[in-house]
Amino acid sequence: MEFGVLGPLEVRTGAGVRVRLGGDRQERLLAALLLNADSSVPVSRLVDAVWDDHPPATAGRQVGNLAGMLRRRFAEAEPAGPPVLLTGDHGYRLVLDGHRLDARTFADRVARSRAAAAAGEAVAALADLREALALWRGPVLDGLPGQLPAAACVALEELRLTAWEDCLDLEATLGRYRETVPELTALVAEHPLRERFAGQLMRALHRSGRTADALAVHRLFVGRLAEELGLDPSPELRNLHLELLKSEPERNGREVVDRGPGGPAGSAAPGDSASAGNPATDVAPDRAPAPGAVVPRPAQLPSPSASFAGRSAELAALDGFAAEAAGPGPAAPAAATVFTVSGTAGVGKSTLIVQWAHRVRGRFPDGQLYADLHGFSAGPPLSAHAVLARFLRALGVPGPQVPSAPDEAAALYRSMLADRRVLVVLDNAHSAEQVRPLLPGGPRCLTAVTSRTSLAGLAARDGARSLALDLMPAADAVALLDRVIGDDRARTEPAAATELATVCGRLPLALAIAASRLAVRPGLTVADQVAELRDAEDRLGALEIEGDAASTVRAAFDLSYRALPARAQDLFRLFALGTAPDLCTAAAAALCGERTAAVRPVLGKLATAHLLTYEGRDRYRMHDLLRLYAAERAASETGTAERIAARERLCSWYLNHADAAVRLLTPHRQRTGFPRPGPWYEPPGFATSAEARSWCESEHTHLMGLVREAAEHGLDDFAWRLPLALWGYFFVSPHLDDREEAARLAVAAARRSGDRYGEGHARNDLATVLGAVGRHDDGLAELLRARALLASAGDPVGEAVVIGNLGEHSLNTDEPGRAREYFRQSLALLLAQPEDGWDHWVIGVCETNLGVAAALAGDTGEADEFLYRALDRHRFAGDPVLESFTLFYLGDHHRRLGQPERAAACLRRALAVIDSTTENPLLRADVSAALEALTDPDERTAEVLPGA
């Protein structure tokens with residue numbers, strides 16, 4: 001396990017998977033243990049950490065429950081991992097052996113750095129400190145409520161600041177004054193009364209030739225010190241001030257002198273690139289070369305972008321294409337090589353291809369031809385004949401001799417390139433038909449084509465190789481920002497630079513615009529730019545350059561959108577109404593109210609136009625900025641009634657699919673069905689409970705988003721019905737936080753719609769999840785409300801379920817006698833219903849829990865009767881989930897009776913049922929721990945079956 005306290009509390013597996021802890025109280029308990037790692041923490045201190053000054057009467061027991069929950073989370077996340085949380089004589093101890101805590105790693109690296117510095121190894125010492133400081137993600141336990149973090153973070157924060165000071169002293173030792181100025185400026189602003197930072201900044205400014213600025217830092221610091229603390233600066237700072245007043249800035253090898261920027265990497269040497277009017281590229285009719293004259297080689301490539309960064313994998317792929325066309329030796333390919341680079345608007349296709357073309361132009365000694373085909377521009381696309389005329393003139397054909405017939409011009413063009421090595425770059429193509437006449441016939445020629453569409457026809461008919469350009473990787477996106485705004489500026493705000501790349505959707509056009517705004521506004525920090533974009537109601541409008549309306553993200557998207565047929569435009573707009581950036585084909589069809597067969601080819605058109613990305617498994621994704629744009633279009637072009645109807649269809653699709661999945665997960669539980677949608681709806685083809693669970697997990701984000709969206713947009717009936725339909729999935733899922741949120745949204749939605757039945761069931765669900773995270777008092781209040789609501793709504797089975805959950809609450813608060821009475825009442829009410837309407841699933845749960853309560857109350861006979869009766873009922877019904885739960889409780893029952901062999905047999909049988917028929921990692925962890933605990937009877941106690 002990897003634990004993080006240097007910032008928000010974080011737990012990850014060794015593979016980097018985030019571990020959800022389940023709630024605030026678990027987090028506060030874990031924080032207290034991590035701050036005292038490898039030491040036993042008394043229960044009394046843990047109670048204070050979890051509840052501050054107002055612990056409940058049962059706080060000690062609840063700490064034990066919370067510790068058990070944490071153990072289960074850890075066991076589920078890393079079943080084969082070493083132990084994490086141990087029980088001591090008077091408390092609990094978190095063991096770091098085999099695990100990692102960032103605070104411990106930080107302290108170790110700081111100590112290693114100091115040892116290296118003492119040995120005179122400044123470079124190694126500096127590297128260790130930089131690695132140590134990079135572990136910090138924010139203040140200690142940032143965002144965790146309570147008194148414990150505030151008291152415990154002081155020592156760590158002081159060690160962090162001291163490490164910064166030592167780090168910057170080492171930078172100065174190595175003569176890196178100018179590089180540290182931005183970093184020190186930020187630290188002085190954040191800690192204005194920390195004298196060592198102020199002195200370091202003064203010295204760095206002075207050594208960088210900015211003595212006046214250094215003296216200004218001194219004046220500001222001395223004024224603050226006197227005004228806020230009534231103190232004078234130390235003798236060291238006064239001596240530094242005098243040194244600055246007496247001396248001139250050093251003019252030696254340590255000073256970094258500003259120099260004009262060099263030419264961009266890969267740029268052409270003088271005379272190599274050509275522009276309009278250059279005789280090398282456009283031979284006018286009246287200046288035609290004489291017969292036998294040497295025609296200058298065309299060199300039409302535009303200048304490469306100075307801000308180009310990253311894309312190493314894509315450049316390597318293009319190098320491979322070029323090697324096929326211009327490889328050494330006499331052997332030549334049978335035909336000229338063609339490749340396409342396609343991608344969405346603003347993804348950097350033109351920038352990439354121009355950058356690459358400059359890298360390889362030496363392999364094409366007979367020249368490079370370039371044309372922007374205006375396939376997606378404000379004006380019409382260029383005709384192939386117009387481009388041929390330009391290319392022929394560049395190759396030395398006098399203007400009057402350029403054939404007027406397109407076929408003849410294309411034939412002449414191919415003839416002239418037949419024996420030459422020429423690179424042809426066709427940028428911004430509209431279609432394969434526009435490109436095909438421009439393909440040379442020479443086997444040593446290579447044609448590179450960029451387009452917003454995939455140009456599949458070139459692959460099918462002309463053997464073109466294809467490269468689909470995706471959004472920039474995060475590291476490349478940050479590198480692009482660095483190139484534009486400067487390494488120093490980006491390095492002082494690495495987290496903000498990463499966040500800016502995310503806000504810009506890692507779209508190069510958006511990144512370049514945001515970076516250019518920073519570049520011309522030196523007073524604006526990267527964090528300021530992020531805040532502006534996040535707060536902007538019109539983020540796309542904020543991503544534009546003043547005075548250059550064409551160079552905006554919205555304008556780029558406009559051109560792609562307008563090129564779509566009407567049906568594709570409609571689906572593009574509706575896609576943004578989904579609750580997540582990706583949808584399966586059937587869900588997208590639900591938005592349109594059509595069958596999947598009718599919608600699938602339209603999705604294909606959007607993917608071909610790179611307005612959607614095909615993710616595999618029949619799913620499509622729309623990137624963030626395109627979703628904003630599509631939502632804008634939907635708001636302005638799709639009527640309100642149509643948008644509402646589309647959302648209702650999507651909700652209905654998910655509701656019915658979720659109901660079908662849960663019927664497989666808990667097949668023996670009775671439930672009220674939901675009305676089928678219109679004729680467009682196609683039921684899912686789930687064949688097994690594993691397929692149903694897999695669907696629920698893959699759609700989890702969408703399902704939660706849909707509950708939120710339904711509540712936000714007034715679709716209250718869906719907002720409470722969907723969590724109710726998902727109960728069977730939540731019953732065996734670890735998503736406690738999401739389950740609580742869904743239940744609270746469902747309660748609010750049912751109240752708004754005045755549905756007492758819905759509100760009662762929603763409050764019951766909320767109570768069960770509150771009990772699961774140890775908030776028993778809050779859960780009890782919800783159960784009492786739910787019982788009254790369901791009784792008044794005339795739902796005796798629902799009321800019986802709530803009464804059973806009142807029994808669970810009593811068990812969790814050490815009242816087994818009261819629990820037994822509740823379970824008896826619940827069972828009696830259930831059995832009082834007409835037998836043909838009995839809900840055997842709920843009856844079985846109640847019998848199991850009555851057996852557990854009887855065992856805890858010391859009534860062995862009643863415990864045996866009801867636990868084994870419940871086990872028979874579950875086996876007869878073929879319900880492995882409840883069978884495995886009941887076997888677990890039987891194992892604990894026999895352990896309490898001093899029958900370890902019978903206990904172990906029940907627990908092993910429970911594991912066999914879980915492993916062969918169900919996927920319940922939480923229960924499996926509990927059963928495994930119980931088997932291990934047979935040798936340690938104080939390690940674990942039984943818990944009641946989670947509420948129905």
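Counting begins at 1 with the first residue of the sequence. What's counted below: heavy atoms across the whole structure, side chains too, no hydrogens, waters or symmetry copies.
- Without hydrogens or angle criteria, Asp476 side chain to Arg311 main chain gives a donor-acceptor distance under 3.5 Å.
- Exactly one of Leu315, Val425, Val341 qualifies for a side chain to side chain contact (heavy atoms under 4.5 Å, CB included) with Trp356. That residue is Leu315.
- With salt bridges taken as basic N to acidic carboxylate O contacts below 4.0 Å, one links Arg130 and Glu171.
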Exercise. Which is it for Asn428 and Ser377 under the side chain to side chain contact (heavy atoms under 4.5 Å, CB included) test, yes or no, and what are the steps along the way?
Worked result: CA-CA 9 Å; Asn428 194 14; Ser377 302; 3.4 Å; yes
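- Without hydrogens or angle criteria, Asp372 side chain to His374 main chain gives a donor-acceptor distance under 3.5 Å.
- Judged by distance alone, with hydrogens and angles left aside, the side-chain atoms of Arg506 form a donor-acceptor pair with the main-chain N or O of Met472 at under 3.5 Å.
- Minimum heavy-atom separation, Ala394 to Gln300: CB-NE2, 3.5 Å.
- Residues Leu540 and Leu625 come closest through the heavy atom pair CD2-O, 4.1 Å.
- The backbone N or O of Gly578 sits less than 3.5 Å from a side-chain atom of Arg627, completing a donor-acceptor pair.
- The shortest side-chain heavy-atom distance between Val338 and Arg465 does not fall under the 4.5 Å cut-off.
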For this session: Please lay out, stage by stage, how Arg621 and Thr613 fare under the test side chain to side chain donor-acceptor pair (under 3.5 Å).
Result: CA-CA 5 Å; Arg621 176 177 293 272; Thr613 301; over 6 Å; no
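- Note on Arg619 versus Asp582: salt bridge recorded, some NZ/NE/NH1/NH2 to OD/OE distance being below 4.0 Å.
- Among all heavy-atom pairs drawn from Leu571 and Ala588, the shortest one is CD1-O, 4.1 Å.
- Considering only heavy atoms from C-beta on, Thr450 stays 4.5 Å or farther from Thr340 through its side chain.
- Counting heavy atoms from C-beta on, the side chains of Thr453 and Phe376 come closer than 4.5 Å.
- No side-chain donor-acceptor contact under 3.5 Å links Tyr177 to the backbone of Val181.
- Listed for the Thr351 side chain is no donor-acceptor partner under 3.5 Å among the backbone atoms of Gly348.
- Relative orientation of the Tyr561 and Tyr629 rings is perpendicular, given thresholds of 30° and 60° on the angle between their planes.
- Using a 4.5 Å heavy-atom cutoff, the side chains of Leu373 and His430 are not in contact.
- Between Arg633 and Asp558 a salt bridge is recorded (basic side-chain N to carboxylate O distance below 4.0 Å).
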Problem set entry | Full working for side chain to side chain contact (heavy atoms under 4.5 Å, CB included) between Ser560 and Leu611 | CA-CA 8 Å; Ser560 292; Leu611 294 173; 4.0 Å; yes
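- Side-chain contact between Leu500 and Leu533 is present, with heavy atoms from C-beta onward closer than 4.5 Å.
- Using a distance-only test at 3.5 Å, with no hydrogens or angles considered, no donor-acceptor pair links the side chain of Arg359 to the main chain of Gln355.
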Exercise. Under the side chain to side chain donor-acceptor pair (under 3.5 Å) criterion, do His610 and Ser454 qualify, and how do the steps go?
Worked result: CA-CA 8 Å; His610 289 284; Ser454 61; 5.7 Å; no
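- At distances below 3.5 Å, at least one donor-acceptor pair connects side-chain atoms of Tyr413 with backbone N or O atoms of Leu438.
- Side-chain atoms of Arg444 never come within 3.5 Å of backbone atoms of Val422 as a donor-acceptor pair (strictly under, hydrogens ignored).
- Nearest heavy-atom pair, Ala631 versus Ala576, reported as atom, atom and distance to 0.1 Å: N-CB, 3.6 Å.
- The shortest side-chain heavy-atom distance between Phe339 and Val449 does not fall under the 4.5 Å cut-off.
- Note: Leu423 CG to Tyr370 OH = 12.0 Å, rounded to the nearest 0.5 Å.
- Here Cys592 contributes atom SG and Phe575 contributes atom CZ; the two are 10.0 Å apart, rounded to the nearest 0.5 Å.
- The side-chain heavy atoms of Thr608 and Lys605, taken from C-beta on, include no pair separated by under 4.5 Å.
- In this structure, His385 contributes its side chain and Pro403 its backbone to a donor-acceptor pair below 3.5 Å.
- Contact check for Arg390 versus Leu382: side-chain heavy atoms found under the 4.5 Å cut-off.
- Each of Leu612, Leu507, Asp470, Leu509 was evaluated against Thr344; a single residue qualifies, Leu507, per the side chain to side chain contact (heavy atoms under 4.5 Å, CB included) test.
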For this session: Verify side chain to side chain contact (heavy atoms under 4.5 Å, CB included) between Leu626 and Phe557, making sure each step is shown before the conclusion.
Result: CA-CA 8 Å; Leu626 269 173; Phe557 290 164; 3.9 Å; yes
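- With respect to Asp366 and Arg297, no salt bridge is recorded, no charged nitrogen being found less than 4.0 Å from a carboxylate O.
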For this session: Go through the steps for Glu408 and Leu412 under the test side chain to side chain contact (heavy atoms under 4.5 Å, CB included), then give the verdict.
Result: CA-CA 6 Å; Glu408 293 181 9; Leu412 177 59; over 6 Å; no
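- Nearest heavy atom pair, residue Glu493 against residue Val526, reads OE2-N, 2.9 Å.
- Of all the heavy atoms in Asp319 and Arg363, the pair that sits closest is O-NH1, 3.8 Å.
- Dense packing is recorded around CG of Asp528, with more than 12 heavy atoms of other residues, nucleotides or ligands lying under 6.0 Å away.
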